[in-house]
2 protein chains.
Amino acid sequence: MFDVLTTTFGALADPTRLAIVGRLSRGDATMGELAEPHRITPPAMTKHVGVLVDAGLVSRRRVGRTVVCTLRPEALSEMERWLDDLTAYWNSTVDRLEELLRGDHDGD
Amino acid sequence: MFDVLTTTFGALADPTRLAIVGRLSRGDATMGELAEPHRITPPAMTKHVGVLVDAGLVSRRRVGRTVVCTLRPEALSEMERWLDDLTAYWNSTVDRLEELLRGDHDGD
DNA sequence: CGAACATTTCACCAGATGGTGAAGTGTTTG
DNA sequence: CAAACACTTCACCATCTGGTGAAATGTTCG
């Protein structure tokens with residue numbers, strides 16, 4: 001039921017991958033460029049980007065002998081919708097509570 | 001640097017915990033009430049809620065012989081800010097691209 | 001073609017995570 | 001006080017995860 005959502009959250013639950021997404025939001029980058037700011041070996045970077053690709057957050061394409069990564073922020077829409085639903089419910093509850101307090105408050 | 005963010009994402013990267021948060025957004029609940037819809041033992045539920053508490057998403061308090069959990073959606077604000085920043089950058093990039101295409105397109 | 005380069009695949013390891021049953025803690029209640 | 005209840009803590013296990021070095025793959029270039 002929450003499958004796609006947990007995959008997205010899982011993909012973002014790592015500082016290296018969060019940094020990758022941040023970097024890609026400023027423009028495409030090759031594996032090498034993505035790895036450069038992190039003390040990490042090529043295989044580790046391949047794995048991290050693989051997780052992001054599996055989550056639908058990033059796409060990869062070969063360009064010459066490099067591999068260029070692109071952000072696909074559409075994959076975040078499910079997450080945004082979930083957040084909106086959650087906070088919507090929350091806000092309506094807060095409103096209801098305030099109403100209640102106006103009508104019947106007995107200090108703290 | 002992304003410490004709080006990765007903790008939040010990590011806490012939400014599990015279907016059981018996502019369901020707990022969903023349930024709590026509709027109102028407080030005891031451990032037993034939270035466990036009821038999931039085929040899960042009490043110790044497992046204690047662990048899951050512990051993860052959410054550590055991430056600041058939930059607070060726990062003893063009430064009689066039960067433990068009542070409350071959602072603390074303020075803990076999601078960092079995440080919302082990150083999402084907004086990301087999509088803001090993305091949207092501005094899309095705008096710039098569209099401008100570029102208007103001025104200098106050479107088909108595909 | 002062969003060397004250099006960019007990345008991936010493979011085999012492996014240490015530690016985190018999600019789960020369990022059994023025993024312990026704190027709280028009503030007969 | 002003892003039994004029942006609602007959880008938590010503990011010890012443990014299987015699996016997942018992030019990391020590595022070594023070897024393989026695909027691509028450009030002399």
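Just the heavy atoms: all of them, side chains too, but no hydrogens, waters or symmetry mates, feed the values below. The chains referred to below are lettered A, B, ... by the order of the sequence lines, with proteins before strands, and numbering in each begins at 1. These numbers come from a predicted model, not from an experiment.
- The distance between atom CZ of A/Arg61 and atom C1' of D/dT27, rounded to the nearest whole Å, is 17 Å.
- Residues forming a side-chain contact (heavy atoms from CB on, under 4.5 Å) with A/Arg65 (at least two apart in sequence, or on another chain): none.
- Look at CG on B/Leu34: it is 14 Å from P on D/dA6, rounded to the nearest Å.
- Side-chain contact between B/Val58 and B/Leu71 is present, with heavy atoms from C-beta onward closer than 4.5 Å.
- Side-chain contacts under 4.5 Å among hydrophobic residues (ILVMFWY), followed directly or transitively, place A/Val4 with no other residue at all.
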Could you pull out all donor-acceptor pairs under 3.5 Å where a side-chain atom in residues 13-26 of chain A meets a protein atom, sequence neighbours excluded?
from, atom 1, to, atom 2, distance (Å)
A/Asp14, OD1, A/Thr16, N, 2.8
A/Asp14, OD1, A/Arg17, N, 3.1
A/Arg17, NE, A/Ala11, O, 2.7
A/Arg17, NH1, A/His48, ND1, 3.2
A/Arg17, NH2, A/Gly10, O, 3.2
A/Arg23, NH1, A/Gly27, O, 3.0
A/Ser25, OG, A/Gly22, O, 2.7
A/Arg26, NH1, A/Gly22, O, 3.1

For nucleotides 1-13 of chain C, give me one character per nucleotide, 5' to 3': B if any protein heavy atom sits under 4.0 Å from the base, S if the only such contacts are to the sugar-phosphate, - if neither. ---BBSSBB----
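- Remark: A/Asp28 pairs with A/Thr70 by the side chain to side chain donor-acceptor pair (under 3.5 Å) rule, at least two apart or across chains.
- Shown here are the salt bridge (charged side-chain N to carboxylate O under 4.0 Å, His left out) partners of B/Arg62, two or more places apart in sequence or in another chain: there are none.
- Of the side-chain N and O atoms in B/His48, one or more sit less than 4.0 angstrom from OP1 or OP2 of C/dG19.
- Protein atom CG of B/Leu12 is 16 Å distant from nucleotide atom C1' of C/dT17, rounded to whole Å.
- Protein atom NE2 of A/His38 is 14 Å distant from nucleotide atom C1' of D/dG18, rounded to whole Å.
- With a 4.5 Å cut-off between side-chain heavy atoms of Ile, Leu, Val, Met, Phe, Trp and Tyr, the cluster of B/Val63 takes in B/Val68.
- A heavy atom lying under 4.0 Å from DNA chain D marks none of the residues of residues 17-25 of chain B.
- As a whole-Å value, the separation of B/Asp14 CG from C/dA16 C1' is 14 Å.
- When the side-chain nitrogen and oxygen atoms of A/Thr41 are compared with OP1 and OP2 of D/dG19, none of them lie within a distance under 4.0 Å.
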Per-pair distances, 0.1 Å, donor-acceptor, side chain in residues 29-41 of chain A, under 3.5 Å, sequence neighbours excluded:
from, atom 1, to, atom 2, distance (Å)
A/Thr30, OG1, A/Glu33, N, 3.2
A/Glu33, OE1, A/Thr30, N, 2.9

